[in-house]
Trainee: 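Okay, handing you the structure first.
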Amino acid sequence: MIAIGSDHGGYELKEHVKKHLSDKGIEVKDYGVFSEESVDYPDCAAPVCRAVQSGEAERGILLCGTGIGISIAANKFSGIRAALCSDVYSALMAKQHNNANILCLGGRVTGRELAFMIADTWLNAEFEGGRHAARVEKIHNIEKEQ
Ligand code: RB5
């Protein structure tokens, strides 16, 4: 299952990405928001991050206006590796090299069709492990030190 969530700035694109993935037969659980009423993006990051942390969701997708705030918030959750992507190459690398378990998108920045390509690329990619696993491990060592 893929967990998806956004603030008001990412709401519209969230709805489109959700439908795009559902239409492909991918199970998507929407953690809100459900309107364009103004909210605080850290509050919107939390339920998706917790779903990924607990294993309820395999991966998560988070959106805000730029994708910046919600990615910063998501990366404060232990075990979360959230990657803000606005191009397909970065989406591929985010999984292959960084093993990103959350993809972040900017609803006011990234066009709908590009967002679909970014999400598809990231979802279809596999972590390469090896030297990249050692690097990801170093990230989590920093987390443990803090
Ligand atoms: C909300 O206006 C906006 O600040 C938010 O969606 C996001 O872009 C923050 O990084």
Trainee: If only atom types and distance count, is the side chain of D40 paired as donor or acceptor with the main-chain N or O of P42 below 3.5 Å?
Mentor: no

Trainee: Without swapping roles, check the side chain of D87 against the backbone of Y89 for a donor-acceptor pair under 3.5 Å.
Mentor: yes

Trainee: Apply the hydrophobic cluster definition, ILVMFWY joined by side-chain contacts under 4.5 Å directly or through others, and give me every member besides I80.
Mentor: M1, Y31, Y41, V48, V52, L62, I70, F77, I102

Trainee: So H97 and E128, side-chain contact (heavy atoms from CB on, under 4.5 Å) or not? Walk me through it.
Mentor: CA-CA 6 Å; H97 287 192; E128 288 180 355; 3.5 Å; yes

Trainee: Is it the case that the side chain of Q96 and the backbone of A125 share a donor-acceptor pair, with hydrogens and angles ignored and the cut-off at 3.5 Å?
Mentor: no

Trainee: Using distance alone, with no hydrogens and no angle criterion, decide if E143 and H140 have a side-chain donor and acceptor under 3.5 Å apart.
Mentor: yes

Trainee: Return the minimal non-hydrogen interatomic distance between F34 and Y11, and the atom names on each side.
Mentor: C-CE1, 3.4 Å

Trainee: Of all heavy-atom pairs between C44 and V39, which one has the smallest distance, and what is that distance?
Mentor: SG-CG2, 3.7 Å

Trainee: Under 4.5 Å between side-chain heavy atoms, chaining through other members, with only Ile, Leu, Val, Met, Phe, Trp and Tyr counted: pull out the rest of the cluster around L13, sorted by chain and number.
Mentor: I2, I4, V17, L21, I26, V28, I61, L63, V88, L103, L105, L114, F116, M117, I118, W122, L123

Trainee: Do the side chain of N75 and the main chain of A82 share a donor and acceptor less than 3.5 angstrom apart?
Mentor: yes

Trainee: Taking atom OG of S78 and atom NZ of K144, what is their separation to the nearest 0.5 Å?
Mentor: 10.5 Å

Trainee: Please test R135 against R131 for side-chain contact (heavy atoms from CB on, under 4.5 Å), starting from the C-alpha separation and ending with a verdict.
Mentor: CA-CA 7 Å; R135 291 165 184 166; R131 68 187 188 280; 3.7 Å; yes

Trainee: If you look at every heavy atom in C64 and G69, which pair is closest and at what distance?
Mentor: SG-N, 3.8 Å

Trainee: Output yes when a side-chain donor or acceptor of K14 lies under 3.5 Å from a complementary backbone atom of D30, and no otherwise.
Mentor: no

Trainee: Write down the atom of A45, the atom of A74, and the distance for their closest heavy-atom approach.
Mentor: CB-N, 4.3 Å

Trainee: Measure the spacing between CD of E37 and NE2 of H8 and express it to the nearest 0.5 Å.
Mentor: 10.0 Å

Trainee: With the threshold set at 4.0 Å, does a side-chain nitrogen-carboxylate oxygen contact exist between E12 and R108?
Mentor: no

Trainee: Could you tell me whether a side-chain N or O of N101 sits under 3.5 Å from a main-chain N or O of G79, the two making a donor and an acceptor?
Mentor: yes

Trainee: Okay, side chain of D7, backbone of G10: is any donor-acceptor separation there less than 3.5 Å?
Mentor: yes

Trainee: Is there a chain of hydrophobic side chains (I, L, V, M, F, W, Y, each step under 4.5 Å between heavy atoms) that links L92 to F127?
Mentor: no

Trainee: To the nearest 0.5 Å, tell me how far H132 NE2 sits from K95 NZ.
Mentor: 13.0 Å

Trainee: The criterion is salt bridge (charged side-chain N to carboxylate O under 4.0 Å, His left out); which residues satisfy it with K29, sequence neighbours excluded?
Mentor: E56

